[in-house]
Protein chains: 2
Amino acid sequence: MRQIKHPSIDQIELTDIMYALSDPTRLEIVARLANAGRKMTCGEFDLNRPKSSMSHHFKILRAAGLVETLIEGTEHMNALRVNEIEQKFPGVLQSVLQALHRS
Amino acid sequence: MRQIKHPSIDQIELTDIMYALSDPTRLEIVARLANAGRKMTCGEFDLNRPKSSMSHHFKILRAAGLVETLIEGTEHMNALRVNEIEQKFPGVLQSVLQALHRS
DNA sequence: TCCATAGTTCGAATATAATCGAACTATGGA
DNA sequence: TCCATAGTTCGATTATATTCGAACTATGGA
């Protein structure tokens, strides 16, 4: 059961995080993951976009270190790396999530 | 003494803030403005880039609502809009500045 | 073994951004 | 009025992103 590679905490760059969060689609994905508070498959996000586009956005979220994807069977389970990001950049992700929650 | 237009608080978008902060040069400008704690001219940032490039980055920082520029004589005085951003998106800018301070 | 499902990768088109020199604008001082 | 200074705007080049269909891969179930 081959798994996907993710950056380690010390490889995560603030600019990559900021960039990943500058796209409305990706921000929506992050918001839904945070609200759900559980792992979600790519298909669960019903954002009216083709699979290849969604895959592209997940790739960027993963590369930025925001999202962790575990392969379980035929599904890819995605989770926010809240604790790790919080450890490296305290308050950044939390405050962004709060801002999203208000709007 | 013509002044530059800036977005009002309610026109500021989170995605624009994130985007503006995803570039290393702009992040450096923001960090220096925060550290200085005072208004700075464009020329004070000695980032080894031509004037037109710096002007471009200031334009994006202004459009995002992060920086306010007041024309005083021949100089353009730039300041971070910390209080306003803090009001609209509590913690976002502060935590980013803290992250910059650590690295 | 065959098929459906879930998601990735590829490739090409289009859009957006970064970069920087050159020309321009506005102000203040000589 | 002339000039220097500070910064913007313009225009062209190059680089990077977004988008999406089509082909591909991996897994589990019939």
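Note on naming: letters A, B, ... go to the chains in the order of the sequence lines (proteins, then strands), and numbering restarts at 1 for each one.
- Among C/dT8, C/dG28, D/dT18, the nucleotide with an atom closest to any side-chain atom of A/Ser55 is C/dT8.
- Looking at heavy-atom distances under 4.0 Å, B/Thr41 makes contact with sugar-phosphate atoms alone, never a base.
- Between C/dA6, C/dC20, D/dA6, one nucleotide has an atom nearer to the side chain of A/Lys51 than all others, and that is C/dA6.
- Spacing between atom CD1 of A/Ile29 and atom C1' of C/dG7 amounts to 13 Å, rounded to whole angstrom units.
- Rounding to whole angstrom units, CZ of residue A/Phe45 and C1' of C/dG7 are separated by 13 Å.
- Between the side chain of B/Ser52 and the base of C/dG21 there is at least one donor-acceptor pair of N/O atoms closer than 3.5 Å.
- When the P atom of D/dA6 is taken as reference, atom NZ of B/Lys59 falls 21 Å away, rounded to whole Å.
- Atom CE of A/Met18 and atom P of C/dA17 are 18 Å apart (whole Å).
- The phosphate of C/dA18 has OP1 or OP2 within less than 4.0 Å of a side-chain N or O from B/Arg26.
- In this structure, the CE atom of B/Met54 is 17 Å from the C1' atom of D/dT9, given to the nearest Å.
- Residue A/Asp23 contributes atom CG, which lies 11 Å from atom C1' of D/dT19 at whole-angstrom precision.
- For D/dC20, one of the phosphate oxygens OP1 or OP2 lies less than 4.0 angstrom from a side-chain nitrogen or oxygen of A/Ser53.
- Of the charged side-chain nitrogens involved, at least one lies within less than 4.0 Å of a carboxylate oxygen, so that B/Glu72 and B/Lys39 count as a salt-bridged pair.
- Within the 4.5 Å cutoff, no side-chain heavy atoms of A/Val92 are placed close to those of A/Ile85.
- Relative to the ring axis of B/Tyr19, B/Arg26 places its NZ or CZ within 45° and under 6.0 Å from the centre.
- Five base pairs at each end of the helix from C/dT1-D/dA30 to C/dA30-D/dT1 define two local axes, and these are offset by 10° (rounded to 10°).
- Within the 4.5 Å cutoff, no side-chain heavy atoms of A/Met77 are placed close to those of A/Thr69.
- Within the structure, every side-chain polar atom (N or O) of A/Arg2 is placed at least 4.0 Å from both OP1 and OP2 of D/dT27.
- Take the nearest nucleotide of DNA chain D for A/Pro50 and for A/Tyr19: the residue whose nucleotide is more 5' is A/Tyr19.
- Across B/Ile71 and B/Arg2, no two heavy atoms sit closer than the pair CD1-O, 3.1 Å.
- In this structure, B/Arg102 places its CZ atom where only 12 or fewer heavy-atom neighbours from other residues, nucleotides or ligands lie under 6.0 Å away.
- What separates CG of B/Asp16 from C1' of C/dT16 is a distance of 14 Å, to the nearest Å.
- Taking the nucleotide of DNA chain C with the nearest heavy atom to each of B/Ile60 and A/Glu44, the more 5' of the two is matched to A/Glu44.
- In this structure, the side chains of A/Leu70 and A/His76 stay at 4.5 Å or more apart for every pair of heavy atoms.
- Base engagement by A/His56 is indicated by at least one non-hydrogen atom pair under 4.0 Å involving a base atom.
- A salt bridge links B/Glu28 and B/Arg32; the closest N-O separation between the charged side-chain nitrogens and carboxylate oxygens is under 4.0 Å.
- Each of B/His76 and A/Thr74 was assigned the nucleotide of DNA chain D with the nearest heavy atom; the assignment lying further toward the 5' end belongs to B/His76.
- OP1 or OP2 of C/dT19 lies within a sub-4.0 Å distance of a side-chain N or O belonging to B/His57.
- Rounding to whole angstrom units, CZ of residue A/Arg62 and C1' of C/dT9 are separated by 12 Å.
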